[in-house]
Protein chains: 2
Amino acid sequence: MQAAKPTIQQISNTTGYSVSTVSRVLNGYSRQYRISEKAQKLIKKKAEELNYKPNQMARGLRLKRTFTIGLVIPDFANPFFAIMAKHIEKAASLSDYSILLVDSDENAEKEKQQIKNMIARDIDGIIVAPVGTEKNHFNDIIKQKIPLLFIDRYFPDMDVPFLSSDNFRGAYDAIKLFIRNGHKKIAIIKGDNRIEPVKERLRGYINALKESGINVCEKFIAGNGFSPENGYHTTLELLELPEKPTAILAMSNLIGLGVLQALNEKNMSIPSDMSFIVFDDQPYVSYLNPPVTTVKQNSEMIGKMAFELLLKKISDPGHTPSSQLIPTAIIERRSISQQK
Amino acid sequence: MQAAKPTIQQISNTTGYSVSTVSRVLNGYSRQYRISEKAQKLIKKKAEELNYKPNQMARGLRLKRTFTIGLVIPDFANPFFAIMAKHIEKAASLSDYSILLVDSDENAEKEKQQIKNMIARDIDGIIVAPVGTEKNHFNDIIKQKIPLLFIDRYFPDMDVPFLSSDNFRGAYDAIKLFIRNGHKKIAIIKGDNRIEPVKERLRGYINALKESGINVCEKFIAGNGFSPENGYHTTLELLELPEKPTAILAMSNLIGLGVLQALNEKNMSIPSDMSFIVFDDQPYVSYLNPPVTTVKQNSEMIGKMAFELLLKKISDPGHTPSSQLIPTAIIERRSISQQK
DNA sequence: GTGAAAGCGCTAACAG
DNA sequence: CTGTTAGCGCTTTCAC
């Protein structure tokens, strides 16, 4: 075995066959071009021997297809996104696709920059969970006719397919569960107002309340970011209210951590002093005190389907994948009290 | 703005300057070649106007430098790795590098396959947290002289630089803390025996015990995998022992989750019935009942340094980065009882 | 100051 | 059945 990367040229030289013949054999066109058995054997043997792998740069340049997709995620430290990424990668590698990864860090400018970079890298398609506050830069992708798919967050007024949890329903179900347990003073701690899943969850909250004839109290709709800090401060504020809520729905696992911290500090127990549901069924919630009821998002399915939809679009540009809302599930544990 | 991707050719055509001049200007060689102000202005303006970005495929093919590094991680769902990845990506994007991501899923065969793929993609370097049970395939990378760096896991007998936590010290400190609190019957639940950090942590465990004149009991060294399931079953076994341990050190956050589950099921409380320390200081551990003492690994620093070391090696192939052990820290919370 | 042309490694049209 | 050749978009040597 030698150091330099073997090229098709080398195989051509050492076997005596032309580069085209070598290329044909190696790409599985032997039948079609009726290459002789002898040539096939020899070329394959040599390729094996040299441990030949076609240079993907050259291939991509020529084919205008790179077998690479871009993946842009707002925060990798958030297990919700990490797990989604895991399953996208898994599906992709099964189809010989590679992933170019970007963590936009909830920063629209970085997102924009890196998307430009990905376009320059001739990716075949791109999956993005957008920061959600800006969308102009996506027009570049669309104009270049690069297949694009949004996950989790999306822009309903944009003609781009997306995959997201059924956020309306998730929140709706959670609030209904509170109500069934006798709660009427229910607060919700939100992520960034501008992003769609937040709007949808809020809609679910309001709908559930109204449907049950419960007044929607503005004071109980609070917070504005997907961070533990937001969860923490917002909870503290909620606890200062003259009429405190008896139940809180946190819009993400990160927010939930902050809620827990605030409650802890104030020596309030779940569920006796406060009932609690959180979005995202992370493994650790079963071991919290008490185990916390969650709205589980199927990030595994979102990830898997995301790649498959994108691939379909890549393989058949005529096809337009339709957006889908993936069902959520309430995982009941022991964080809700019975109110009389 | 137009749909097709602008090329250097187009700029050449529309400005009347040759492709070489355009290339020079756009690559910042105007001074060196003493390109006229007029030409510079015109070319830059046109490039801006067309929103030109050099095609990285073509560039990579020509330059033999792709500004891409490979990153291979055994499990993205493990926040320890996800956070490391986040910081690698962050450092990389600051230096205009992109990340090709693989989740090897703790599967040596996939790792091997995907590394071959990355080589074919002409990546400039590669960072891998190896599955840890096989290493032959890394010779391909070395033979091709592609800069390689291991993180977290590594092979001490291989001449490849690595960055890992000071695992020996982390475990040693944890055990010493147990001992200071009067514990003598201390169990450790391990990850896969074959990987280096596990060996090191075990060495720390044994050393701490011996140093304090405590007998090392084989029964207390248990488990063999980084999964919650292993944590769960091993804990159950430990609890069956005629002489039960009074303290457990779990070698990872995932194992720790399993320990928690087993303890819960057996109605054992921390720390009254069992003292507990876990590797990895995940955000949620503060909100467990009780908050759990951890061995914190500095995955942020590992990630950041990993990219920087690799980049140095890429930029100066003569340079060989030296391996480093990154200090761990004990974060004391309330999961350890005083034994009399 | 600028341009022509070679060539990175590959695929595919065209030519036998 | 196989080979020659053009060209993907770019950088860079050589030439003027």
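The chains referred to below are lettered A, B, ... by the order of the sequence lines, with proteins before strands, and numbering in each begins at 1. Predicted, not measured: the structure shown is a model, and the values here were computed from it. Any value given below was found using the heavy atoms of this structure, including those in side chains, with hydrogens, waters and symmetry copies removed.
Close to C:dT2, at under 4.0 Å from its OP1 or OP2, lies no side-chain N or O of B:S18. Neither OP1 nor OP2 of D:dG3 sits under 4.0 Å from any side-chain N or O of A:S20. For D:dG9, the OP1/OP2 oxygens have no side-chain nitrogen or oxygen of B:R62 closer than 4.0 Å.
With D:dT12, D:dG3, C:dC8 as the candidates, the nucleotide lying closest to the side chain of A:Y17 is D:dG3. Candidate nucleotides D:dT12, D:dT4, C:dG9 were compared by shortest atom distance to the side chain of B:S23, and D:dT12 ranks first. Of the candidates D:dT12, D:dG9, D:dG3, D:dG9 carries the atom nearest the B:N55 side chain, counting heavy atoms from C-beta on.
A:D152 contributes no side-chain N or O that, together with a main-chain N or O of A:A129, makes up a donor-acceptor pair within less than 3.5 Å. Although no hydrogens or angles enter the test, the distance criterion places a donor-acceptor pair under 3.5 Å between the side chain of A:K110 and the main chain of A:D103. At least one donor-acceptor pair closer than 3.5 Å links the side chain of B:S93 to the backbone N or O of B:K90.
Near DNA chain D, defined here as any heavy-atom distance below 4.0 Å, the residues from residues 24-46 of chain B are B:R24, B:N27, B:Y33, listed numerically.
Atom OH of A:Y52 and atom P of C:dG9 are 10 Å apart (whole Å). The CD1-P distance, from B:I8 to D:dC10, rounds to 5 Å in whole Å. Taking atom CG of residue A:L61 and atom P of nucleotide D:dT11, one finds them 12 Å apart after rounding to whole Å. Distance, A:Q56 CD to C:dT11 C1': 13 Å, rounded to whole Å. Taking atom CG of A:N13 as the reference point, atom P of D:dT4 lies 12 Å away to the nearest angstrom. Between the C1' atom of C:dC10 and the CE atom of A:M57 lies a distance of 13 Å, rounded to the nearest Å. Look at CD on A:Q10: it is 9 Å from P on C:dG9, rounded to the nearest Å. Atom P of nucleotide C:dG9 and atom CD1 of A:I11 are separated by 13 Å, given to the nearest angstrom.
When heavy atoms are screened at a 4.0 angstrom cut-off, B:T7 is found touching the sugar-phosphate backbone but no base atom.
When all heavy atoms are compared, the tightest approach of B:K64 to A:N55 is NZ-ND2, 4.5 Å.
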*asked:* As a quick check of understanding, evaluate side-chain hydrogen bond (donor to acceptor under 3.5 Å, both in side chains) for B:N117 and A:S98, giving each step before the final call.
replied: CA-CA 9 Å; B:N117 175 10; A:S98 293; 3.1 Å; yes
*Apply salt bridge (Lys or Arg N to Asp or Glu O under 4.0 Å) to A:K41 and A:E37, showing your working.*
CA-CA 6 Å; A:K41 283 258 151 56; A:E37 278 296 318; 3.8 Å; yes
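Ring centroid separation for the pair B:F162 and B:F155 does not come in under the 6.0 Å cut-off.
For the side chain to side chain donor-acceptor pair (under 3.5 Å) with A:H137, the qualifying choice from A:E109, A:E111, A:K112 is A:E111, the only one to do so.
Taking OH from A:Y33 and CD from A:Q40, the interatomic distance works out to 14.0 Å, rounded to the nearest 0.5 Å.
End-to-end axis angle of the helix from C:dG1-D:dC16 to C:dG16-D:dC1, from C1' rotation axes over five pairs per end: 50° (rounded to 10 degrees).
No cation-pi contact links A:R153 to A:F150, judged by a cut-off of 6.0 Å to the six-membered ring centre and 45° from its axis.
Each of B:A58 and A:G16 was matched to the nucleotide of DNA chain D holding its nearest heavy atom; the match closer to the 5' end belongs to A:G16.
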